[in-house]
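In what follows, a single structure is set out as structure tokens and then discussed.
Keep in mind that the numbers below use all heavy atoms, side chains included, and drop hydrogens, waters and symmetry copies.
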Amino acid sequence: QRGGAPRPFAVSLFQTLAGPENGSNLVVSPWSVSASLGLLQLGARANTLAQLEGTLGYNAKADVHAVAAERRAAGGGVRSPGDGLGQRQRDPSQPQPSQAQSGAGQNSTPDFQISSPDLGKRVNEWWHLQAGGSSGELSGSGEAQVEAPRWDQRLQMALVDTVAFRGLWQKQFQFTSTQNLPFALPEGGAIKVPMMYQATEVGFGQFRTAAEQRYTVLELPFLGRTLSLQVVLPSERKAPLASLEAQLTAGQVASWESGLRRTKMDVFLPRFKIQNKFNLRSVLPAMGISDAFNPTTADFSGISAEEKLYVSDAFHDARIEVTEDGTKAAAATSMVLLKRSRAPLFKADRPFLFLLRHTSTGSVLFLGRVTNP
């Protein structure tokens with residue numbers, strides 16, 4: 001899965017973040033985090049590199065060399081997703097989504113630049129702007145920005161990535177078919193939400209976890225069929241989503257590819273829009289990447305042999321929006337009555353998981369849950 005996020009890393013990252021979030025809406029981009037850490041691999045050495053490779057499940061330098069050879073043969077450059085590392089000609093106060101150049105088309109390692117003294121202040125300003133200037137807290141870690149004023153003294157490297165997705169469906173939902181229907185909340189009760197509807201052919205399968213919990217998977221393709229959205233729903237209405245989250249494995253996610261069958265179905269799916277900001281400084285060590293954040297043990301001599309560099313913070317911002325056509329939804333929709341058909345019914349009217357994946361490689365771009373659309 002060159003340049004992507006291996007399933008074991010994607011599932012582990014989601015599960016590590018899911019518990020502390022207390023059942024709220026959640027989205028993370030394993031692809032973006034993996035790409036940023038892959039870039040970090042290129043400057044890491046010794047055990048720091050071994051931890052990055054072991055947790056990510058791939059060797060970034062080998063991937064970069066392979067991609068570079070392909071691109072050189074095609075006459076193009078190499079670009080890798082992932083911001084950060086104080087890359088040359090990159091301004092953290094004005095980041096672009098996932099566009100850090102690796103430079104591997106010309107050299108074996110990227111052209112890193114040591115962070116400037118005011119980088120901490122500029123990263124803090126950038127993060128404040130990304131949050132809309134209304135909050136200084138980073139969700140997901142419980143860590144606030146209280147240390148930001150000291151960043152100009154202690155900051156060595158900051159990994160910063162932001163990624164957003166809004167795509168067009170292969171077959172769009174009709175705005176006129178959207179209705180306000182009940183959605184069951186995890187704490188009990190229900191609310192009315194805009195529920196999209198269409199009768200269409202989808203990928204559909206029924207599965208069981210190792211603990212015999214039954215669940216269904218629906219797959220809807222985006223335009224061009226390069227990407228698809230998989231919706232994962234517990235079969236038992238009263239089964240808590242947290243139970244399914246805890247039992248999810250990379251092997252199960254891989255089995256969906258062969259276990260889904262093309263089926264004509266009536267599909268009900270709520271609109272949803274989710275954004276999460278995380279500081280992964282405490283999350284990644286729990287997954288096995290600890291040396292990189294430790295001033296004593298970090299080895300980034302591939303970036304600088306003189307400076308004793310370590311990663312001070314790793315910020316991640318992921319956003320996803322799912323609507324009728326994939327673009328911003330209209331302010332109002334018409335109410336219609338849908339005729340009952342004989343087609344099987346898939347109705348995401350209770351908490352569910354979702355994966356946005358690259359169909360040819362299986363790489364997980366986004367992984368999350370919806371508990372309240």
Compute whether any side-chain donor of one residue and acceptor of the other, for [X] and [Y], lie under 3.5 angstrom apart.
{"X": "Tyr58", "Y": "Ser34", "value": "yes"}
{"X": "Gln213", "Y": "Ser243", "value": "yes"}
{"X": "Thr178", "Y": "Glu324", "value": "yes"}

Is it the case that the side chain of [X] and the backbone of [Y] share a donor-acceptor pair, with hydrogens and angles ignored and the cut-off at 3.5 Å?
{"X": "Thr209", "Y": "Gln247", "answer": "no"}
{"X": "Lys308", "Y": "Ala298", "answer": "yes"}
{"X": "Thr359", "Y": "Thr226", "answer": "yes"}
{"X": "Arg369", "Y": "Ala18", "answer": "yes"}
{"X": "Lys171", "Y": "Ala199", "answer": "yes"}
{"X": "Ser29", "Y": "Ser32", "answer": "yes"}
{"X": "Thr55", "Y": "Gln51", "answer": "yes"}
{"X": "Thr263", "Y": "Met265", "answer": "no"}

Are [Y] and [X] linked, directly or through intermediate hydrophobic residues, by side-chain heavy-atom contacts shorter than 4.5 Å (ILVMFWY only)?
{"X": "Leu37", "Y": "Leu49", "value": "no"}
{"X": "Leu355", "Y": "Val11", "value": "yes"}
{"X": "Val231", "Y": "Phe366", "value": "yes"}
{"X": "Ile274", "Y": "Trp169", "value": "yes"}
{"X": "Leu356", "Y": "Val370", "value": "yes"}

Worked verdict on Asp266 versus Lys347 for salt bridge (charged side-chain N to carboxylate O under 4.0 Å, His left out) | CA-CA 8 Å; Asp266 286 335; Lys347 195 171 188 179; over 6 Å; no
Salt-bridge contact Glu236-Arg208 (side-chain N to carboxylate O under 4.0 Å) =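 The answer is no: the pair does not qualify as a salt bridge.
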Can you tell me how far [atom2] of [Y] sits from [atom1] of [X], rounded to the nearest 0.5 angstrom?
{"X": "Arg45", "Y": "Ile303", "atom1": "CZ", "atom2": "CD1", "result": "8.5 Å"}
{"X": "Leu280", "Y": "Ile289", "atom1": "CG", "atom2": "CD1", "result": "9.5 Å"}
{"X": "Leu229", "Y": "Leu218", "atom1": "CG", "atom2": "CG", "result": "8.5 Å"}
{"X": "Phe293", "Y": "Asp313", "atom1": "CZ", "atom2": "CG", "result": "8.0 Å"}
{"X": "Tyr197", "Y": "Gln179", "atom1": "OH", "atom2": "CD", "result": "9.5 Å"}

With sequence neighbours excluded, what pairs up with [X] under the side chain to side chain donor-acceptor pair (under 3.5 Å) test?
{"X": "Ser12", "value": "none"}
{"X": "Glu219", "value": "Ser228, Gln230, Arg357"}
{"X": "Gln174", "value": "none"}
{"X": "Asn47", "value": "Asp291"}

Would you call the rings of Phe207 and Trp256 parallel, tilted or perpendicular, where under 30° means parallel and over 60° means perpendicular?
-> tilted
Of the non-hydrogen atoms in [X] and [Y], which two are nearest, and what is the gap between them?
{"X": "Leu52", "Y": "Gln41", "answer": "CB-CG, 3.7 Å"}
{"X": "Leu185", "Y": "Thr371", "answer": "CD2-O, 3.8 Å"}
{"X": "Val283", "Y": "Asn279", "answer": "CG2-O, 4.3 Å"}
{"X": "Ala348", "Y": "Phe183", "answer": "O-CE1, 3.5 Å"}
{"X": "Leu365", "Y": "Trp31", "answer": "CA-CB, 3.6 Å"}
{"X": "Leu367", "Y": "Ala10", "answer": "CD2-O, 3.5 Å"}

Partners passing side chain to side chain contact (heavy atoms under 4.5 Å, CB included) against Ser360 (at least two apart in sequence or in another chain) |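 Scan of Ser360 (side chain to side chain contact (heavy atoms under 4.5 Å, CB included), adjacent residues dropped) gives His358.
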Report yes if the side chains of [X] and [Y] come closer than 4.5 Å at any heavy-atom pair, otherwise no.
{"X": "Val193", "Y": "Leu181", "result": "no"}
{"X": "Asp317", "Y": "Asp161", "result": "no"}
{"X": "Leu244", "Y": "Val232", "result": "yes"}
{"X": "Thr162", "Y": "Arg319", "result": "yes"}
{"X": "Leu17", "Y": "Asn276", "result": "no"}
{"X": "Arg271", "Y": "Pro373", "result": "no"}
{"X": "Val267", "Y": "Val202", "result": "yes"}
{"X": "Phe268", "Y": "Phe346", "result": "no"}

Kindly determine whether Thr216 and Phe204 satisfy side chain to side chain contact (heavy atoms under 4.5 Å, CB included), including the steps that lead there.
-> CA-CA 7 Å; Thr216 58; Phe204 179 77; 3.9 Å; yes
Salt bridge (charged side-chain N to carboxylate O under 4.0 Å, His left out): pairs with one or both residues in residues 174-203, sequence neighbours excluded | Glu201-Arg262
Return each pair, listed once, that meets salt bridge (charged side-chain N to carboxylate O under 4.0 Å, His left out) where at least one residue sits in residues 27-40; pairs must be two or more places apart or across chains.
->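 Not a single pair qualifies under salt bridge (charged side-chain N to carboxylate O under 4.0 Å, His left out).
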Mind checking salt bridge (Lys or Arg N to Asp or Glu O under 4.0 Å) for [X] and listing every partner two or more places apart, or none if nothing turns up?
{"X": "Glu53", "value": "none"}
{"X": "Asp299", "value": "none"}
{"X": "Arg261", "value": "none"}

Stepwise side chain to side chain contact (heavy atoms under 4.5 Å, CB included) check, Phe175 with Thr323 = CA-CA 9 Å; Phe175 283 97; Thr323 64; 5.6 Å; no
Please check if the distance between the ring centroids of Phe222 and Phe165 is under 6.0 Å.
-> yes
For Phe354, all residues meeting ring-ring contact (aromatic ring centres under 6.0 Å, His included), sequence neighbours excluded =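 Testing Phe354 for ring-ring contact (aromatic ring centres under 6.0 Å, His included), a comparison that skips the adjacent residues, returns Phe272.
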ring-ring contact (aromatic ring centres under 6.0 Å, His included) filter on Phe300, not counting sequence neighbours, yields none
Mind running side chain to side chain contact (heavy atoms under 4.5 Å, CB included) on Lys273 and Val322 for me, showing each step along the way?
-> CA-CA 6 Å; Lys273 181 179 181 180; Val322 173; over 6 Å; no
